[in-house]
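Working notes, beginning with the structure itself.
In what follows, chains are A, B, ... by sequence order, proteins preceding strands, each numbered from 1.
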Amino acid sequence: MGCSGEEEKRDRELIGFGTATPTSRRYSLELSSLPQTDVSREYMLMLPRQPKIDPKSSAPLSSSDEWIEPLAVLVFTLVLAADASMFAINPIFQDAPIPLVHALSDRLVDKTFKDGEVILQDGEVFQTGKSFVYFIVKGEVEIWKEGNFIMLLQQGEKFGELAALRKLPFRQATAKAKGAVACRADMGAANADADAALSRTLDGASLKALVPNAGPLNCRGKWTLVLEQALDRIEAGDKTLDPHVVHQTEEFVTIHDGYPKAAVHLLVLPRARVAALEKLTREHLPMLMRLSSYVAWLLQQVEGRPGVPGVGWIHGVHSVPSLKQLHVHVMTLDLNSPCMKNAKHFSSFLPPFLVSLDSVIRALQDGVFADRSLKKLEEDMKKRSLCCHRCGADFGRGFAQLKRPAHTWREDSGTDISRTAQAFECLRHVARTFLAFAEDVRAGR
DNA sequence: GTTCTAGAAC
DNA sequence: GTTCTAGAAC
């Protein structure tokens with residue numbers, strides 16, 4: 001990130017962390033090291049070097065709470081601190097399930113610009129896969145329209161999103177750096193070029209209906225080997241598997257999950273046999289990149305299809321899977337179905353138990369893959385509080401309560417919304433939850 | 001992956 | 001009484 005770890009330390013002082021949820025506000029602020037285990041609901045409180053007090057806030061702040069309001073930065077283990085502060089500052093990030101926060105933070109990249117440099121040009125053709133939304137980490141950005149200065153944007157603010165979110169063909173204004181500017185930018189798909197190339201070779205029409213789900217595969221041998229067996233049978237031309245297969249390419253096969261944990265729940269299998277995550281080596285990298293692109297293509301295709309609730313999608317691999325053969329889960333974010341029966345089911349589809357394919361690829365590239373403590377993750381999963389991924393409510397280990405209808409997804413967002421727009425929309429929830437928490441701390445509740 | 005069950009925990 | 005956990009069998 002443009003704002004490196006070192007710079008981040010200089011900018012903010014870590015003063016502690018707590019855990020907060022709307023229903024149980026356990027936010028004792030103990031001085032402590034960064035919590036590495038929980039990515040979902042740990043809030044890190046950081047003190048900005050120069051606290052800014054919101055002028056609109058009428059309540060006078062005592063010296064002891066001055067740090068609360070402007071400060072508090074919500075950090076997930078996988079969300080970089082700069083992203084987290086950006087999410088907290090920016091009002092568009094108000095309604096976010098955790099998985100999509102990760103997805104977005106994952107794909108943000110650093111961009112820096114020199115004084116006077118034109119970042120976006122009014123009327124420029126908007127191209128998917130090129131940078132389309134920027135968040136200012138450092139510096140200021142001028143917005144110009146038809147020769148007139150419109151406004152000056154500052155740290156934490158965003159620009160460039162109009163064309164993307166409204167699906168406009170052209171940029172709507174010119175953005176120019178005032179002084180040195182550092183941004184975090186969403187470039188769209190991480191492998192935009194590969195994705196585009198893949199899109200040209202794949203045919204969406206060959207994708208079969210997403211509902212109904214064909215149910216469990218019948219398995220003659222050990223259940224843990226069912227996926228490998230399915231690949232064997234598909235490759236042997238076994239027609240009885242046809243209802244289970246949603247799409248296939250030379251390299252990958254997409255099938256229904258036999259016990260869907262969401263309205264739509266697919267598994268993407270590479271035909272190359274990879275027994276488990278820990279069997280991956282750098283030699284698999286090219287295949288994994290193509291797999292990532294294929295999943296991106298699939299996500300484009302499935303959006304808005306019949307039977308798909310407009311709640312967004314998540315995708316990734318289980319850090320501790322039960323079945324052999326590498327498989328990528330691609331599913332709707334309702335996380336609700338008759339097969340969703342216990343705490344493990346639920347937790348396993350939220351970070352850190354669901355790992356993005358991109359992070360697997362990065363780990364392989366960085367060579368840190370072997371350090372993963374899978375056993376510890378499994379233990380954590382058994383103890384962790386169940387927090388609704390939609391409203392954030394904490395149900396402890398009460399799975400039955402979590403699954404009550406009132407806490408399942410409402411299908412109230414359109415299906416015509418782009419994945420990125422959806423991620424943004426969802427991020428608002430995080431900011432709201434966080435700000436409510438900060439408000440409570442400030443009020444001494 | 002599931003199902004079933006006994007026993008612990010609430 | 002109900003709900004959750006953990007282990008065995010599939």
Between C:dT3, B:dG1, C:dT5, which nucleotide has the shortest distance from any of its atoms to the side chain of A:His318? B:dG1

State whether a side-chain donor-acceptor pair under 3.5 Å links A:Glu283 with A:Thr281. yes

Whether over 12 other heavy atoms sit under 6.0 Å from A:Lys222 NZ: no

In whole Å, I'd like the distance from the CG atom of A:Leu402 to the P atom of C:dT3. 14 Å

Whole-Å distance separating the CD atom of A:Glu379 from the P atom of C:dT5: 13 Å

For A:Met340 and B:dT2, what is the distance between atoms CE and C1' respectively, to the nearest whole Å? 15 Å

Would you find more than 12 non-hydrogen atoms of other residues, nucleotides or ligands less than 6.0 Å from A:Lys324 atom NZ? no

For A:Lys341, which contact category applies under a 4.0 Å heavy-atom criterion: base, sugar-phosphate, or nothing? sugar-phosphate

In whole Å, what is the span from the CZ atom of A:Arg384 to the P atom of C:dC4? 18 Å

Under 4.0 Å between any heavy atoms, over every strand shown, what does A:Gly258 touch: base, sugar-phosphate, or nothing? Just pick one. nothing

Nearest to the side chain of A:Arg397, heavy atoms from C-beta on, is which of C:dA6, C:dT3, C:dT5? C:dT5

Taking OH from A:Tyr259 and P from B:dG1, how many angstroms apart are they, rounded to a whole number? 11 Å

When we call it a touch if two heavy atoms are under 4.0 Å apart, what does A:Lys261 touch: a base, just sugar-phosphate, or nothing? sugar-phosphate

Rounded to the nearest Å, what distance is computed from the NZ atom of residue A:Lys344 to the P atom of nucleotide C:dG7? 12 Å

Could you state the CG-C1' distance from A:Asn342 to B:dT2, rounded to the nearest angstrom? 10 Å

A:Trp223 CH2 to C:dA8 C1', straight-line distance once rounded to whole Å: 18 Å

Output yes when at least one side-chain N/O atom of A:His345 is less than 4.0 Å from OP1 or OP2 of B:dG1, else no. no

According to the interplanar angle, ranging from 0 to 90°, do the rings of A:His265 and A:His329 count as parallel (below 30°), tilted (30 to 60°) or perpendicular (above 60°)? tilted

